[in-house]
There are 2 protein chains.
Amino acid sequence: MLNEKSLSVSQDCNECPIRHRAVCARCESDELERLEEIKYYRKFEAGQTVIWSGDRMEFVGSVVSGIATLTQTMEDGRTQMVGLLLPSDFVGRPGRSSAAYDVVATTDLVMCCFRKTPFEEMMMRTPHIAQRLLEMTLDELDAAREWMLVLGRKTAREKIASLLSIIARRDASINMRDVSAPGERITFDLPLTREAMADYLGLTLETVSRQVSALRKDGVIELEGKRHVTIPDMGRLLEEAGDDADGGVFA
Amino acid sequence: MLNEKSLSVSQDCNECPIRHRAVCARCESDELERLEEIKYYRKFEAGQTVIWSGDRMEFVGSVVSGIATLTQTMEDGRTQMVGLLLPSDFVGRPGRSSAAYDVVATTDLVMCCFRKTPFEEMMMRTPHIAQRLLEMTLDELDAAREWMLVLGRKTAREKIASLLSIIARRDASINMRDVSAPGERITFDLPLTREAMADYLGLTLETVSRQVSALRKDGVIELEGKRHVTIPDMGRLLEEAGDDADGGVFA
DNA sequence: TCCAAATCTTGATCTGCGTCAAAGTCTTGT
DNA sequence: ACAAGACTTTGACGCAGATCAAGATTTGGA
């Protein structure tokens, strides 16, 4: 089911965000050594499922490059995306043995994985890891709650604007660009199909398509092809999203 | 703004869930002593706001008794509840100095609080606290994501059934009753007004009222007065919620 | 006890988004 | 380069839930 290939363990650690973000900063070198031992890389192609909901989950890890989604599905096929995993995001749950969601690679994807049991043992011995994971999980919880407002109370147009502004912001932070500079034109590639956007926003793909067209017609966004977006005025987009213009809810 | 009264510190610790759930189980006695020193109780009346979004947050804590809600509000007044805090739930975020949501007591409420800075220092020194908080936060994240499916993809009727089944389950677990016993009639008081239910479900209060009436007419629930609910068949309710009947998504 | 305010129910009507349908445009493999 | 499939756009129409409105019931304070 999982056609992954392991990458060389000797691959440069700078590419592994968990080293940087979750562990490195405050750990002793022997702990880093131990982490190194249980670390491995996995590669997935666009469209591949990383893990199915309910599957036994034998690793935790984080996204090195590419984009993955967390999705829930009802018996009758209705689908809701509950998370968007960009580089540096953590996947998996220490203390839980089976996956709660489908994880799907939407682009080619590289993950940095740790075997779960050794990782958990290490977490027990290394306080900073649990503290760092707590911090990351609280951020995710905030993002999930912000998204509840989007899903429960925003119109289709506001939903699209919210999604675009999140992607713009996260894309900018990955590439270390500044999204809040006034007058700046922001440009990025949409990493999601219209259907994936619909699943994230609780809409149909037709409605997504219509609202994207409407935002383009109104000059809020510009499109080259279907995927390349430029945002001439970030403040305007945030207004359309229903957020206050000063950096917004997801700051 | 906060008309709280501190309760005696000598109040029986059995009433303070964080002692049990977050700290006690694995801590040394001197750590418990230190926690005891920074602990205090606060009482709120139904309808009082515990803290406003954006306020400086000088404590973390957990609910001892009563019910509180976390809500977000847009500038134009649209409101979305993003969390329901029942006894034992943790509030606040180590490492963040201002509140991200309004916290409102919907019934009379007692909270067990810890001053934030000493709590954070203690967390640094006491690995089990961060580990326990991580576990609790991951549970909350799962609950938030389950709720995203409710908000994004369920019909009004399914939303009401989902809310009732969650409340039934949580109420049962607080009172140590078994909700999954087949044939068992389950009874509880709704702790939320129709408007609060609407804010949680992303609906209007009129729609909530209509769907509650419809579920009653169809025999899925029984009502005495407006608030006292009995569920003659939990499996039936879970079907109406769109969950699989075997314990459901929130198990 | 009684009045006023809060909460809840129900009805009539409206509308944003879903559904169904068809055609257009990219992508990919040969 | 071309064909087949995947993805996207656009149109016509219907419906679930919102909105507006009027009462009914419950709650709480004087």
Side-chain angles (χ1 to χ4, degrees), chain A residues 45-48 69 74 76-80 104 106-108 150-164 189-218 221-229 240 242, chain B residues 45-48 74 76-80 104 106-108 150-164 189-218 221 223-229 240 242:
Chain A
E45 285 167 26
Q48 260 192 301
T69 60
M74 296 171 66
D76 61 9
R78 279 177 284 174
T79 280
Q80 176 66 50
V104 179
T106 57
T107 65
D108 288 350
V150 173
L151 291 174
R153 293 301 186 192
K154 290 193 179 179
T155 64
R157 170 183 263 245
E158 289 170 332
K159 284 178 174 182
I160 300 288
S162 298
L163 179 57
L164 292 174
D189 280 309
L190 263 182
L192 301 174
T193 64
R194 299 288 184 262
E195 188 180 22
M197 293 171 69
D199 284 342
Y200 203 13
L201 295 167
L203 299 170
T204 59
L205 93 219
E206 293 95 328
T207 298
V208 170
S209 181
R210 275 185 250 274
Q211 297 297 336
V212 169
S213 298
L215 288 173
R216 178 163 52 81
K217 190 160 63 59
D218 297 345
I221 61 176
E222 293 162 21
L223 286 177
E224 294 168 66
K226 277 117 190 9
R227 296 295 193 87
H228 194 77
V229 179
E240 292 285 354
Chain B
E45 284 166 26
Q48 260 192 304
M74 294 171 67
D76 61 8
R78 279 176 283 175
T79 283
Q80 176 66 51
V104 179
T106 56
T107 64
D108 288 351
V150 173
L151 291 173
R153 293 301 187 192
K154 291 194 178 178
T155 64
R157 170 183 264 244
E158 289 169 333
K159 285 178 173 183
I160 300 289
S162 298
L163 179 57
L164 292 174
D189 280 309
L190 263 182
L192 301 174
T193 64
R194 298 289 185 263
E195 188 180 23
M197 292 172 69
D199 284 343
Y200 203 15
L201 295 167
L203 298 170
T204 59
L205 94 219
E206 293 96 328
T207 298
V208 170
S209 181
R210 275 186 249 274
Q211 296 298 335
V212 169
S213 298
L215 287 173
R216 177 163 52 82
K217 188 161 62 61
D218 297 346
I221 61 175
L223 286 176
E224 294 169 65
K226 310 207 175 276
R227 296 295 194 87
H228 193 77
V229 179
E240 292 285 355

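Small disclaimer: the values here were computed from a predicted structure and weren't measured. Within every chain, numbering begins at 1; the chains are lettered A, B, ... in the order of the sequence lines, protein sequences first and strands thereafter.
- Remark: side-chain polar atoms of A:Asp108 are not paired, donor with acceptor, to backbone N or O of A:Glu45 under 3.5 angstrom.
- The distance between atom NZ of A:Lys154 and atom P of C:dG16, rounded to the nearest whole Å, is 18 Å.
- Close to C:dG18, at under 4.0 Å from its OP1 or OP2, lies a side-chain N or O of A:Thr204.
- A straight line from CG of B:Leu223 to P of C:dT9 spans 8 Å, rounded to a whole angstrom.
- In this structure, A:Met197 atom CE and D:dT9 atom P are separated by 9 Å, rounded to whole Å.
- Of the candidate nucleotides D:dG17, C:dT9, D:dT9, D:dG17 has the atom lying nearest to any side-chain atom of B:Ala156.
- Counting only distance, with no hydrogens or angles, the side chain of B:Gln80 and the backbone of B:Asp199 share a donor-acceptor pair below 3.5 Å.
- When heavy atoms are screened at a 4.0 angstrom cut-off, B:Gly47 is found touching no nucleic acid atom at all.
- The side chain of A:Leu205 lies closest to D:dT9 when the candidates are D:dG17, D:dT9, C:dC17.
- Each of A:Arg153 and A:Arg227 has a nearest nucleotide on DNA chain D; the 5'-most of these lies closest to A:Arg227.
- Atom NE2 of A:His228 and atom C1' of C:dT25 are 19 Å apart (whole Å).
- For the pair A:Ser209 and D:dT10, the criterion of a side-chain N or O lying under 4.0 Å from OP1 or OP2 is not met.
- The side chain of B:Thr193 has C:dC8 as its nearest neighbour among D:dT9, D:dG17, C:dC8.
- Under the 3.5 Å distance criterion, the side-chain polar atoms of A:Ser213 are matched with a main-chain donor or acceptor of A:Ser209.
- With hydrogens and angles ignored, a donor-acceptor pair closer than 3.5 Å exists between the side chain of B:Glu206 and the base of D:dC20.
- Although no hydrogens or angles enter the test, the distance criterion places a donor-acceptor pair under 3.5 Å between the side chain of A:Arg153 and the main chain of B:Leu203.
- Atom CG of A:Leu190 and atom C1' of C:dC26 are 15 Å apart (whole Å).
- Summarising the geometry, the separation between CG on B:Leu201 and P on D:dA16 is reported as 18 Å, rounded to the nearest angstrom.
- For the OP1/OP2 pair of C:dT10 and a distance below 4.0 Å, the side-chain nitrogens and oxygens of B:Ser213 include at least one atom meeting the criterion.
- Following rounding to the nearest Å, A:Arg157 (CZ) and C:dG18 (C1') show an atom-to-atom distance of 19 Å.
- Side-chain N/O atoms of B:Arg210 and base N/O atoms of C:dG11 include a donor-acceptor pair closer than 3.5 Å.
- Surrounding CD of B:Glu206 are more than 12 heavy atoms belonging to other residues, nucleotides or ligands, all under 6.0 Å away.
- For the pair A:Gln211 CD and C:dT15 P, the computed distance is 17 Å after rounding to whole Å.
- Sequence order on DNA chain C of the closest nucleotides to A:Lys226 and A:Leu203 puts A:Leu203 first from the 5' end.
- Here the closest non-hydrogen pair linking B:Leu151 and B:Tyr200 is CD2-O, 3.5 Å.
- For B:Thr155 and D:dA16, the shortest distance from a side-chain N or O to OP1 or OP2 is not below 4.0 Å.
- A:Arg216 comes within 4.0 angstrom of nothing in the nucleic acid, heavy atoms only.
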